[in-house]
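Only one structure is covered here, and it is reproduced in the block below.
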Amino acid sequence: MTAQVTGLESVVLPDTPRRRMRTAADFFRSPEGHAALLGFWGSLMMTAGGLGAGAVRRRDPLLEEAHLSWLRFGHGYALATIVVWLGVLAMILAWVRLGRITLGYAGYESTVSLTELRWIVAIWIFPLLFSVPMFSQDVYSYLAQGALLRDGFDPYKVGPVVNPGVLLDNVSPVWTTTTAPYGPIFLLLGRLITMVTGSNVVAGTIAMRLVMLPGLALMMWAVPHLTKHLGGKPTVALWLAVLNPLVLIHLIGGAHNEMLMVGLMAAGIALVLEHHHAGGIVVVAVGVAIKATAGVALPFLVWIWMIHERERRAAENKGPLPHPLWTFAKIGGLGLSVFAAVFVASSAAAGVGLGWLSALSGSKKIINWLSLPTILAHMVTWVTPLRLGDVLVYTRLLCMLGLVAILAWAWWRFKNSEREAVLGILIAFVGIVILSPAALPWYYSWPLALAAGFTLSAPTLMLLVGLCTWLMLVFQPGGSIGLYNFWHVAAATFVAVIAAFSLRTVDPLRLRADTGKPRP
């Protein structure tokens, strides 16, 4: 393949019988170029509408000085909300169209390159870098926790409430007294940002997004790279796991630290698959020091290391591995030592201990229909006089026991090949998302980054498109949950079904007179 690429103005497609050079003008005149522009306009609309309907500050002097405070109230708020939702729908439509082209469905020729898709990621996220927080208020908690460390408090012992100020004013009341559930490296990043931006919430939010961009870059490298070992197609993997509106809108627009954690986790797994075992574990350990969930991958990486050691000995005619328990202890011990070194160093740099592990239980404050324990508890309250809070204790315990069993089973069952080990990590993440006490839409970015590396059938891809679309639509732009509003859920379900069928059919509702010829 000829691969001298400097930008969209000079994109060389993979070698084909008719190799050709595409300029930026050629690209934007193509169906994939139209989809790229539609997604950009959707991102721009979300940024504009978010000024009124996003997770805005309680007091916003910037809007007041710009005479735009009217966007937060009455008809102005309604208009802003409509603009945000139109932007979300535009990006979903652009993503589905781009998927049809990337997959070669509905009569399209799959000509879009990996480099072009990466440029589309940059085009789509650019407006979101400067938006107010979208669909979540978590970034305000991140800044307040960073300010705690900056001002000499231990975020693992006290909540933001002990440090009054502008940053505290915007933290959700649920989290003001909650200690930080994040790793020491993320706290260090928060301290650095608040040292630079002070109490400027706007600058702090933008800076928080900027420090997430390395995670996005790692995802754009690692997710296509995983396909070499898992059997998928690089362009499809990038389209599904990175260009996905659920990922870009929540992780960039919402400024969630999943962006860093997932990027580091995926890159670490890719490095281990490429026989860079210690380096890969270091990268995953850094991911754990952002958010603990990345640690789920570590036990499975020991299996991959053992597989590579067995293959190496066979290639060198050194015979089989020594006793499996000894080999496991040796490799597991090396991996644990590498992980511990990273964690001790980062904790020492932050001047904190392991208090964040106990703070992980703070997620139990989240109660919504996205987690199985909550669904089961609601079902019990429908047929009994018991209160939801009382039932949740038992349903969460039951599901936690089930989760432990699934994690142990997956780790022991999927150990015979690289592909099996990554599949085990994927199953573990799915189990955590479903069975944990709390789940939020952006949590699905964890398993999605790995699932995209496998060869997926058309029905599976349609199901994932529908699921991601539904998850994207069930929260309000300001961060509140729409799951308890019947009409909101019904509308989200309708759009999700249409999006799923649109992946293979240009006009699933048959609204056009001529549906024989595919149109972008």
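Start at 1 with the first residue, then count along the sequence. Please read all numbers here as calculations on a predicted model, not as lab measurements. Because only heavy atoms are used, hydrogens play no part in the values below, and waters and symmetry mates are left out as well, while side chains stay in.
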With a 6.0 Å cut-off on ring centres, are Trp239 and Trp95 close enough? yes
Okay, side chain of Thr505, backbone of Ser502: is any donor-acceptor separation there less than 3.5 Å? no
Main-chain N/O of Tyr105 paired with Arg100 side-chain donor or acceptor, under 3.5 Å: no
Determine all donor-acceptor pairs shorter than 3.5 Å in which one atom belongs to a side chain in residues 479-486; sequence neighbours excluded.
from: Tyr484; atom 1: OH; to: His378; atom 2: NE2; distance (Å): 3.3
from: Asn485; atom 1: OD1; to: Trp487; atom 2: N; distance (Å): 3.0
from: Asn485; atom 1: OD1; to: His488; atom 2: N; distance (Å): 3.1

If we only count heavy atoms from C-beta on, is the Val211 to Leu192 side-chain gap below 4.5 Å? no
Do other residues, nucleotides or ligands put more than 12 heavy atoms under 6.0 Å from Phe454 CZ? yes
Is the backbone of Gly99 close enough, under 3.5 Å, to the side chain of Thr102 for a donor and an acceptor to pair up by distance? no
Keeping to residues at least two apart or across chains, list the ring-ring contact (aromatic ring centres under 6.0 Å, His included) pairs with something in residues 245-271. Phe135-His250, His250-Trp442, His256-Trp442
Is it the case that more than 12 heavy atoms not belonging to Trp221 sit under 6.0 Å from its CH2 atom? yes
So Phe126 and Phe130, would you call those rings parallel, tilted or perpendicular, with 30° and 60° as cut-offs? perpendicular
Using 30° and 60° as the class boundaries, would you call the ring planes of Phe186 and Tyr182 parallel, tilted or perpendicular? perpendicular
Steps toward side-chain contact (heavy atoms from CB on, under 4.5 Å) verdict (Leu456, Leu464): CA-CA 10 Å; Leu456 302 174; Leu464 289 175; 3.9 Å; yes
Check: Arg150 side chain, Thr194 main-chain N or O, donor-acceptor pair, under 3.5 Å: yes
Please determine whether a side-chain nitrogen of the Lys or Arg among Glu32 and Arg97 lies less than 4.0 Å from a carboxylate oxygen of the Asp or Glu. no
